[in-house]
Amino acid sequence: MSLSNIQSLCRKYTNLSATDIDKLTEIEATLKYYAELTDCYMFIDCMLENLPHAIVVAEAFPNKEIGLYEKSVIGKFVFESFEPAVFAAFKHKEKSSISRAITQEGVTVEQHVIPIFNEQQQVIAVLIQEKMVKMQSTPKDDFQNMPFALIEHIVEPNSQPIPVVSDLLVESIILTNHENKVIYSNPAGYHFISELSGLENFDNVALDKILPFLQEVYDKGDDVFFLEITIDRKSFIVKKIPIRSHNEKVTLLIIHDLTELKLKENELMMKTFAIREIHHRVKNNLQTVTSLLRLQMRNDLSAANASAFQEALNRIYSISSVYELILENEDNAEERVDVIALAKKIGHKMIGTSNTATIQLAFHHDNLQLFCHSKKAVSLALIICELLQNALKYAFIGRDEGTIDILFMQEDSTISLHISDNGVGMQEVKASFGMEIITRLVEYDLAGSFSIIPSEEGTHTQVQFPVSEEVFIVND
């Protein structure tokens, strides 16, 4: 594409300044070299001035008999629904990738996108690399067929300036000759060598001498080689690719820094350990409170006081059950709680400690897998506890046996919890501490609604709440 064309497109469809357009023109001039090196299709896209779309302003294709594109796509509009990675790079100002993107020709490709910044650190365009999705091949097979136009461009004594495309990469790109001396490095590569060696100039020094840990890489001869290394709390992967240019051995090193990723992994692991330790302590503290209440209950208490103590114990156990379920699964980094399992755990415990009639507890959920995070789980646990306490306390007066049904249902994005019994029924709704707990938790914590459904037999209560980020369904 000529200079006049890229200027024409940018001036017509974008609000880029002349300086910004000049920068893109400089990058566009190097695209062909990088397309040959990576065997990928390269593009530069800019955002339109008055529409939420992008436009292709530059392209470069590798030399192939059968290509991804039958004709040029310069001047074509790009839509977010087809290429989300492009727009993600514009929005978040960082590298973006997608393994299944759809090209202008309707072909599925692997796409990597990096933003291009001006001197004011504004994203003026994105650089796109595309490769056809195909059966996986070995790295050696890929690089045996690689065109070496860029390598020759670098090692020729009278060559043009080093392509600026590689300057935009976060990976270190380093080329060494047959003596393992550096003949080219992008800025990231220069910083990598300088930081680990302490040298600012290393033109005539063998790289494996100033960075001894690379000796293992070079000792592998003509094999493509991958090595993960940790040095001075820095972790990185080194990929070595042997190349020959004009019968001279050239080695390409691609180094990806993993230090930040490793640090984040360690931080996440430490936070996970800390959170689990907190859960252990909360559970243990709740058990201590339970033990103190049980000791108090051994004193001479009236029936009313004993009942109040048991209700308090049930509430504490309901909260403790949430943390027990979280801790039972060591891989539960997201702290999600199985709501069905939680209801069963609370229900069976309360039936076991009840002094009322012989009660059968039945659960119905049609294989629904409902989960929620710890905070919502505590609210649901207390709601279930209060509804069961009301049923055990009032439904079976004067009866020897009874049944309580707990039903979970899903309808679109709403979850319904039904707790019903076949007891004597509720003559009137009385204001109580338990009813206040239920109402507040349902309305404020679950953003739902609570109702008592008229029933010919016993009492039927219903809690409805929406599916959300903290309350979700897992489908098989």
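No side-chain heavy atom of S416 sits less than 4.5 Å from a side-chain heavy atom of V463. At least one side-chain heavy atom of I27 sits less than 4.5 Å from a side-chain heavy atom of I44. Between V442 and F465, every side-chain heavy-atom pair lies at or beyond the 4.5 Å cut-off.
Aromatic ring centres of F87 and H53 lie farther apart than the 6.0 Å criterion allows.
Salt bridge absent: K239 and E171 never bring a charged side-chain N and a carboxylate O closer than 4.0 Å. Taking 4.0 Å as the cut-off between side-chain N and carboxylate O, K23 and E119 do not count as a salt-bridged pair. Between K131 and E110 there is no salt bridge, since none of the side-chain N atoms of the basic residue sits less than 4.0 Å from a carboxylate O of the acidic one.
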Task: Step-by-step salt bridge (Lys or Arg N to Asp or Glu O under 4.0 Å) determination, E195 to K234 - done: CA-CA 11 Å; E195 183 178 12; K234 287 186 171 295; 3.3 Å; yes
TODO: For H460 and Q462, run side chain to side chain donor-acceptor pair (under 3.5 Å): C-alpha distance rounded to whole Å, both residues' side-chain angles, the deciding distance at 0.1 Å, then the answer.
DONE: CA-CA 7 Å; H460 184 176; Q462 175 183 260; 5.8 Å; no
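Classified by interplanar angle (parallel below 30°, tilted 30° to 60°, perpendicular above 60°), the ring pair F213/F192 is perpendicular.
Legend: residues meeting ring pair (Phe, Tyr, Trp, His ring centres under 6.0 Å) with H348, ordered by chain and number and at least two apart, are F363.
Side chain of E59 to main chain of V73: a donor-acceptor pair is present (N/O by atom type, distance under 3.5 Å, no hydrogens or angles). A donor-acceptor pair under 3.5 Å is formed between the side chain of T259 and the backbone N or O of S235.
Under 3.5 Å, the side chains of E386 and N390 contain no donor-acceptor pair of N or O atoms. Between the side chains of N285 and T288, not a single donor N or O lies within less than 3.5 Å of an accepting N or O. Side-chain N/O atoms of D405 and H364 include a donor and acceptor closer than 3.5 Å.
Across all their heavy atoms, V467 and T414 have their closest contact at CG2-N, 4.4 Å. In terms of heavy atoms, L342 sits closest to A377 at CD2-O, 3.6 Å. In plain terms, the two heavy atoms of A88 and S96 that are nearest each other are CB-OG, 3.6 Å.
Atom OH of Y394 sits in a sparse spot, with 12 or fewer heavy atoms from other residues, nucleotides or ligands closer than 6.0 Å. Taking a 6.0 Å sphere around CD of Q121, one finds it holds more than 12 heavy atoms contributed by other residues, nucleotides or ligands. In this structure, E411 places its CD atom where only 12 or fewer heavy-atom neighbours from other residues, nucleotides or ligands lie under 6.0 Å away.
Figure legend: cation-pi geometry between K349 and Y317, with NZ or CZ positioned under 6.0 Å from the six-membered ring centre and within 45° of its axis.
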